[in-house]
Protein chains: 2
Amino acid sequence: MKSANLYKGSLTTIILKLLNENDKMYGYEITQKVKEITNGELLITEGALYPSLHKLEAEGLLDVEFSKVNNRTRKYYKLTELGTQETVNKLAELEDYIKTMRALVYPKFRLQ
Amino acid sequence: MKSANLYKGSLTTIILKLLNENDKMYGYEITQKVKEITNGELLITEGALYPSLHKLEAEGLLDVEFSKVNNRTRKYYKLTELGTQETVNKLAELEDYIKTMRALVYPKFRLQ
DNA sequence: CAAATATACATAATTATTTTATGCATAAAA
DNA sequence: TTTTATGCATAAAATAATTATGTATATTTG
């Protein structure tokens with residue numbers, strides 16, 4: 001997903017949140033949306049994205065729906081009920097992560 | 001380092017920053033300090049810590065110094081000049097990461 | 001006093017995630 | 001007509017962490 005490897009482990013959170021915002025999206029669209037929002041800061045590779053989408057689907061967090069546009073196939077993903085719940089969890093985990101990291105790197109932000 | 005895998009990729013940043021704050025530390029001390037600062041939120045495993053310290057030393061970011069306390073050996077690490085520079089980079093990367101993730105998960109925080 | 005816990009380091013096997021490379025296919029632009 | 005863009009997918013390799021061990025000494029607890 002990029003050189004700075006802090007993004008490792010963040011892909012699921014990103015996918016779930018984008019789907020929460022956009023109702024339904026297809027893989028390529030996700031890569032472009034992330035590129036756009038981050039001004040090219042973060043580029044999601046297909047080798048990371050597609051396996052991740054497949055896994056989320058297998059876990060029942062995403063539903064799939066195909067459609068053909070301009071003679072090209074799109075595979076749309078959308079959140080299931082369970083996926084929406086997991087989105088909430090993942091966002092909370094992100095907040096915890098940020099809070100904890102701030103406590104570690106800015107001693108003034110000590111927790112407690 | 002913990003269940004929530006957002007921490008993957010953050011260990012180097014944590015180690016470097018702690019050494020920047022504390023001048024010199026030994027491995028076990030680092031695990032305890034992280035546990036303390038994060039109120040037990042983040043537990044660094046030895047299997048992750050020691051290989052990471054060895055790698056940072058091999059890259060010339062850390063210097064090593066042994067000392068014997070209460071008949072037990074401690075291996076103290078401290079930042080080299082290069083290590084201090086890298087600390088600055090890692091902290092900047094963390095800020096970028098947080099900024100980018102906020103842009104992704106809170107659309108109101110759009111970059112640009 | 002014996003057993004458990006804490007201190008202190010280290011590595012190997014496994015697992016998980018990502019990068020890099022490759023493959024297929026169609027459409028649009030240069 | 002070749003390159004770039006759109007669209008999916010997977011396999012090999014790299015990276016990083018967890019889990020499981022191993023060694024050794026010190027301290028605490030029952």
Side-chain angles (χ1 to χ4, degrees), chain A residues 1-16 24-36 40-59 61-62 64-77 90 93 97 100-101, chain B residues 1-16 24-36 40-59 61-62 64-77 90 93 97 100-101:
Chain A
M1 291 166 76
K2 230 214 97 181
S3 52
N5 39 0
L6 288 175
Y7 290 96
K8 279 173 196 289
S10 309
L11 184 53
T12 298
T13 306
I14 294 169
I15 292 171
L16 292 178
K24 69 172 187 173
M25 298 181 84
Y26 54 100
Y28 185 75
E29 187 184 11
I30 293 175
T31 67
Q32 298 308 300
K33 187 58 111 182
V34 169
K35 190 176 172 182
E36 178 205 329
E41 242 285 281
L42 180 59
L43 302 176
I44 293 179
T45 62
E46 302 119 301
L49 179 66
Y50 291 114
S52 185
L53 286 171
H54 300 161
K55 193 188 169 203
L56 292 172
E57 188 197 346
E59 292 170 347
L61 304 184
L62 303 182
V64 177
E65 179 195 317
F66 288 89
S67 90
K68 199 134 189 168
V69 179
N70 296 329
N71 206 34
R72 283 202 225 85
T73 302
R74 287 177 182 174
K75 194 171 171 182
Y76 279 97
Y77 291 91
K90 287 294 180 187
E93 279 179 15
Y97 168 80
T100 300
M101 286 301 288
Chain B
M1 291 164 76
K2 230 212 94 182
S3 54
N5 38 0
L6 288 175
Y7 291 96
K8 279 172 195 289
S10 308
L11 183 54
T12 299
T13 306
I14 294 169
I15 292 171
L16 292 178
K24 70 172 185 173
M25 298 181 85
Y26 55 102
Y28 185 76
E29 187 184 10
I30 292 175
T31 66
Q32 297 309 300
K33 186 60 113 180
V34 169
K35 191 175 171 182
E36 178 204 328
E41 241 286 280
L42 180 58
L43 302 176
I44 293 178
T45 61
E46 303 119 301
L49 179 66
Y50 291 114
S52 185
L53 286 171
H54 299 161
K55 193 187 170 204
L56 292 171
E57 186 198 347
E59 292 170 348
L61 304 184
L62 302 183
V64 177
E65 178 195 318
F66 288 89
S67 91
K68 198 131 189 170
V69 179
N70 296 328
N71 205 34
R72 282 203 226 84
T73 303
R74 287 180 183 172
K75 194 171 171 184
Y76 278 96
Y77 292 91
K90 287 295 179 186
E93 278 179 16
Y97 168 81
T100 300
M101 287 301 287

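Just so we're clear, the structure is a prediction, and the values are computed from it rather than from any experiment. Only this structure's heavy atoms are used, side chains among them; waters, hydrogens and symmetry mates stay out. Per chain, numbering begins at 1; letters A, B, ... match sequence-line order.
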Side-chain contact check for B:T45: nearest option of D:dT19, D:dC8, C:dT20 is D:dT19
Please report, rounded to the nearest Å, how far the P atom of D:dT25 is from the OH atom of B:Y26.
18 Å
Gap between atoms NZ and P, on B:K35 and C:dT5 respectively (whole Å):
13 Å
Are any non-hydrogen side-chain atoms of B:Y7 and B:I44 less than 4.5 angstrom apart?
no
Residue closer to the 5' end of DNA chain C, B:Q32 versus B:Y77 (nearest nucleotide):
B:Q32
A:E46 CD to C:dT22 P, straight-line distance once rounded to whole Å:
14 Å
Atom-to-atom span, NZ of B:K8 to P of C:dT18 - whole angstrom:
9 Å
Does C:dA10 have OP1 or OP2 sitting under 4.0 Å from an N or O in the side chain of B:K75?
yes
Is there side-chain contact between A:V34 and A:L43, with at least one heavy-atom pair below 4.5 Å?
no
Measure from the side-chain heavy atoms of B:R74 and tell me the nearest of D:dC8, D:dA17, C:dA8.
C:dA8
Sole residue of B:K55, B:K90, B:E93, B:E59 in side-chain contact (heavy atoms from CB on, under 4.5 Å) with B:T12:
B:K90
Can you check the A:I44 CD1 to D:dA9 C1' distance for me, whole Å?
17 Å
Do B:L6 and A:L6 have side-chain heavy atoms sitting under 4.5 Å apart?
no
Considering only C:dT17, C:dA10, D:dT10, which nucleotide approaches the side chain of B:N5 most closely?
C:dT17
If you find the nucleotide of DNA chain C closest to A:N71 and the one closest to B:H54, which residue's nucleotide is nearer the 5' end?
B:H54
Atom pair distance, as rounded to whole Å: CG in B:L56 and P in D:dA17
11 Å
Could you state the CZ-P distance from B:R72 to C:dA10, rounded to the nearest angstrom?
15 Å
Does A:K55 reach a base, just sugar-phosphate, or nothing at all? Heavy atoms under 4.0 Å.
sugar-phosphate
Does B:L49 or A:P51 map to a spot on DNA chain D nearer the 5' end, using the closest nucleotide for each?
A:P51
Answer whether the closest heavy-atom distance between the side chains of B:Y77 and B:V64 falls below 4.5 Å.
yes
With a non-hydrogen cut-off below 4.0 angstrom, is B:G27 in contact with a base, only sugar-phosphate, or nothing?
sugar-phosphate
Going through the checks in order, is the side chain to side chain contact (heavy atoms under 4.5 Å, CB included) test met by A:L16 and A:L62?
CA-CA 9 Å; A:L16 292 178; A:L62 303 182; 4.2 Å; yes
Nearest-nucleotide pick for A:Y50, side chain only, options being C:dC9, D:dT10, C:dT18
D:dT10
Between D:dA9, C:dT18, D:dA17, which nucleotide gets closest to the side-chain atoms of B:L11?
D:dA17
Base, sugar-phosphate or nothing for B:E29? Non-hydrogen atoms, less than 4.0 Å.
nothing
When both hydrogen-bonding distances must be under 3.5 Å and the geometry is Watson-Crick or G-U wobble, what is C:dA13 paired with, if anything?
D:dT18
Measure the distance from CD on A:E59 to C1' on C:dA16 and round it to the nearest whole Å.
12 Å
